[in-house]
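All ligand and atom numbering here is 1-based and tracks the order in the structure.
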Amino acid sequence: MSVRIGIGHDCHRLAIGNHLIIGGIEIPHDRAAVAHSDGDVLLHAVTDAILGALADGDLGDHFPDSDPAHAGRSSREMLLEVWDKARQSGWHLVNLDCTVMLERPKLGPLKARIREALAELLGASPDQISVKAKTAEGIGSIGREETVEACCVVLLRKGGEI
Ligand code: MG
């Protein structure tokens, strides 16, 4: 059996808007992520973590923002493309642990929905997925509601069981 670990991180600037998309869930809000794609900071971090585990570059290598074909692109589609390729090569998810850092709105009530959405996207069970949410207590760019960040760690296995 082989196991591989990958780390992912992403950050988006926030501007006046009407919703955020986090983990594929649309959250009504008075700000939106500034991004070339749909700005789903969590799915970008998860996609990068999978690519990291596979030592296969990063999101920008696979979906360059210089390519107009990726403008407004669904982050779900990009994650699925990367994950389908990993699965076709025999990789299975062991677990995924994520943290989203956002000052407002509080994500606590939405964590379960985001976790289920990630599990569905990855064809996994919710007990393989952890979604944590933090505010920055008013400190720094997250605290000033200028940015949203996400980080995660993924463990993949090929063959065997853990
Ligand atoms: Mg991003």
| task | Look at the side chain of Glu137 and the backbone N and O of Gly143, then say whether any donor-acceptor pair between them is shorter than 3.5 Å. | result |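 Answer holds: no.
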
Determine which of the N, O or S atoms in [X] is closest to the Mg ion (ligand 1) and give its atom name.
| X | result |
| --- | --- |
| His12 | NE2 |
| His44 | ND1 |
| Asp10 | OD2 |

| query | Does a side-chain heavy-atom distance below 4.5 Å link Ile5 with Leu156? | reply |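 They are not in side-chain contact.
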
| field | Derivation of the side chain to side chain contact (heavy atoms under 4.5 Å, CB included) call for Leu102 and Ile22 | value | CA-CA 10 Å; Leu102 178 69; Ile22 297 180; 4.0 Å; yes

| Lys85 atom NZ: more than 12 heavy-atom contacts under 6.0 Å |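 Result for NZ/Lys85: open.
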
